[in-house]
Amino acid sequence: QVQLVESGGGLVQAGGSLRLSCAASGRTFSSYAMGWFRQAPGKEREFVAAINWRGSRTYYADSLKGRFTISREDAKNAVYLQMNSLKPENTALYYCGASIRFEGLGLGASYDYWGQGTQVTVSS
């Protein structure tokens, strides 16, 4: 069992930055791939970024490459999402997920555990 708690969301002006954190419980955190997804009002949840269990490979939604960076710190049971040059269209509820799988990390169905989300609002 893994419990995930996101933090770091808030209100930021366009062009600004935020760093989201996801704290995980459980001694097996390092066995899980981790991902970030987001859901805007009236839209489906979409993939943002993922990192494999070793931290050696990262994956990003094409539209976010170069602006968002995912990282993990297994000693702290944490995964992070650094978001730079934010745009109003990045406004959404951001979720982190944990997956025992090696593939398909861009799909929500691949994740076994989810947090409750943290709200990111980007003003124009």
Side-chain angles (χ1 to χ4, degrees):
Q1 187 78 11
V2 176
Q3 293 184 327
L4 304 172
V5 178
E6 302 93 336
S7 62
L11 174 64
V12 63
Q13 289 188 332
S17 298
L18 282 174
R19 187 193 193 210
L20 305 184
S21 299
C22 175
S25 65
R27 294 176 293 176
T28 60
F29 172 77
S30 60
S31 300
Y32 288 86
M34 300 297 295
W36 286 96
F37 286 70
R38 67 185 181 185
Q39 187 167 18
K43 295 186 177 181
E44 294 185 354
R45 185 159 51 185
E46 64 175 355
F47 171 70
V48 174
I51 187 166
N52 70 344
W53 67 278
R54 294 180 61 186
S56 59
R57 297 191 69 176
T58 56
Y59 309 87
Y60 297 94
D62 287 342
S63 62
L64 301 175
K65 287 180 181 178
R67 295 194 298 119
F68 286 22
T69 303
I70 188 171
S71 61
R72 64 188 298 156
E73 189 171 3
D74 288 352
K76 294 186 176 181
N77 277 14
V79 63
Y80 308 102
L81 184 69
Q82 177 67 43
M83 306 186 295
N84 298 328
S85 302
L86 284 162
K87 304 176 182 180
E89 54 262 40
N90 299 139
T91 294
L93 187 62
Y94 282 71
Y95 299 88
C96 73
S99 172
I100 199 67
R101 296 163 181 79
F102 298 101
E103 298 178 335
L105 297 179
L107 301 174
S110 296
Y111 291 78
D112 304 285
Y113 302 100
W114 293 97
Q116 294 299 308
T118 185
Q119 179 67 38
V120 172
T121 302
V122 185
S123 64
S124 58

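Below, each value reflects all heavy atoms present in this structure, side chains not excepted, and no hydrogens, waters or symmetry copies.
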* Determine, using ring centers only, whether Phe37 and Tyr95 are less than 6.0 Å apart. => no

* Between Val79 and Ser71, is any pair of side-chain heavy atoms under 4.5 Å apart? -> no

* Any side-chain heavy atom of Ile70 sitting closer than 4.5 Å to one from Tyr60? -> yes

* Might you confirm whether atom CD of Gln3 has over 12 heavy atoms from other residues, nucleotides or ligands at distances under 6.0 Å? => no

* Structure fact -> Rounded to the nearest 0.5 Å, the CG atom of Leu107 sits from the CZ atom of Arg45 at a distance of 12.0 Å

* Do the side chain of Asn52 and the main chain of Ala33 share a donor and acceptor less than 3.5 angstrom apart? -> no

* Looking at side-chain heavy atoms only, is the closest gap between Met83 and Leu20 below 4.5 Å? -> yes

* Structure fact -> Tightest non-hydrogen contact, residues Ser30 and Asp74, listed as CB-OD2, 3.5 Å

* Structure fact -> Scanning both residues in full, the closest heavy-atom pair of Ser99 with Ser110 reads OG-O, 2.7 Å

* To do: Is it possible for you to say whether Phe29 and Ile100 belong to one hydrophobic cluster, with membership spreading through side-chain heavy-atom contacts below 4.5 Å?
  => yes

* Asked: Under 4.5 Å between any side-chain heavy atoms of Tyr111 and Met34, yes or no?
  -> no

* Please check if the side chain of Ser85 supplies one atom and the backbone of Arg67 the other of a donor-acceptor pair under 3.5 Å. => no

* Atom pair OG1 (Thr69) and CG (Asn84), whose distance is rounded to the nearest 0.5 Å -> 6.5 Å

* **Nearest-0.5 Å distance that lies between atom SG in Cys96 and atom OH in Tyr113** => 13.5 Å

* Structure fact -> Here the gap from Ser124 atom OG to Gln13 atom CD, rounded to the nearest 0.5 Å, amounts to 9.5 Å

* Asked: Testing Leu64, Val120, Val48, Thr121 for side chain to side chain contact (heavy atoms under 4.5 Å, CB included) with Asn90, which one passes?
  -> Leu64

* Asked: Are Leu18 and Phe68 connected, step by step, through hydrophobic side chains (Ile, Leu, Val, Met, Phe, Trp, Tyr) whose heavy atoms are closer than 4.5 Å?
  -> yes

* Structure fact -> Taking every heavy atom of Gly117 against every heavy atom of Leu93, the minimum-distance pair comes out as C-CD1, 3.8 Å

* Give the cluster check for Trp53 versus Val2: same hydrophobic cluster or not, with ILVMFWY residues linked at side-chain heavy-atom distances below 4.5 Å. => no

* Asked: Taking a hydrophobic cluster as the set of Ile, Leu, Val, Met, Phe, Trp and Tyr residues connected by side-chain heavy atoms closer than 4.5 Å, whether directly or through intermediates, do Trp114 and Ile51 fall within one such cluster?
  -> no

* Approximate separation, where rounding is to 0.5 Å, of Tyr94 OH and Cys22 SG -> 15.0 Å

* Do we get Arg101 above Tyr32's six-membered ring, with its NZ or CZ under 6.0 Å from the centre and within 45° of the axis? -> no

* **Value rounded to 0.5 Å, distance of CG in Asn77 from CZ in Arg72** => 9.0 Å

* To do: Kindly indicate whether the side chain of Val122, heavy atoms from C-beta on, has any atom under 4.5 Å from the side chain of Glu89.
  => no

* Asked: Does Glu6 reach the main-chain N or O of Gln116 with its side chain, forming a donor-acceptor pair under 3.5 Å?
  -> yes

* To do: Verify the neighbour count for atom CD of Glu73: are there more than 12 heavy atoms of other residues, nucleotides or ligands below 6.0 Å?
  => yes

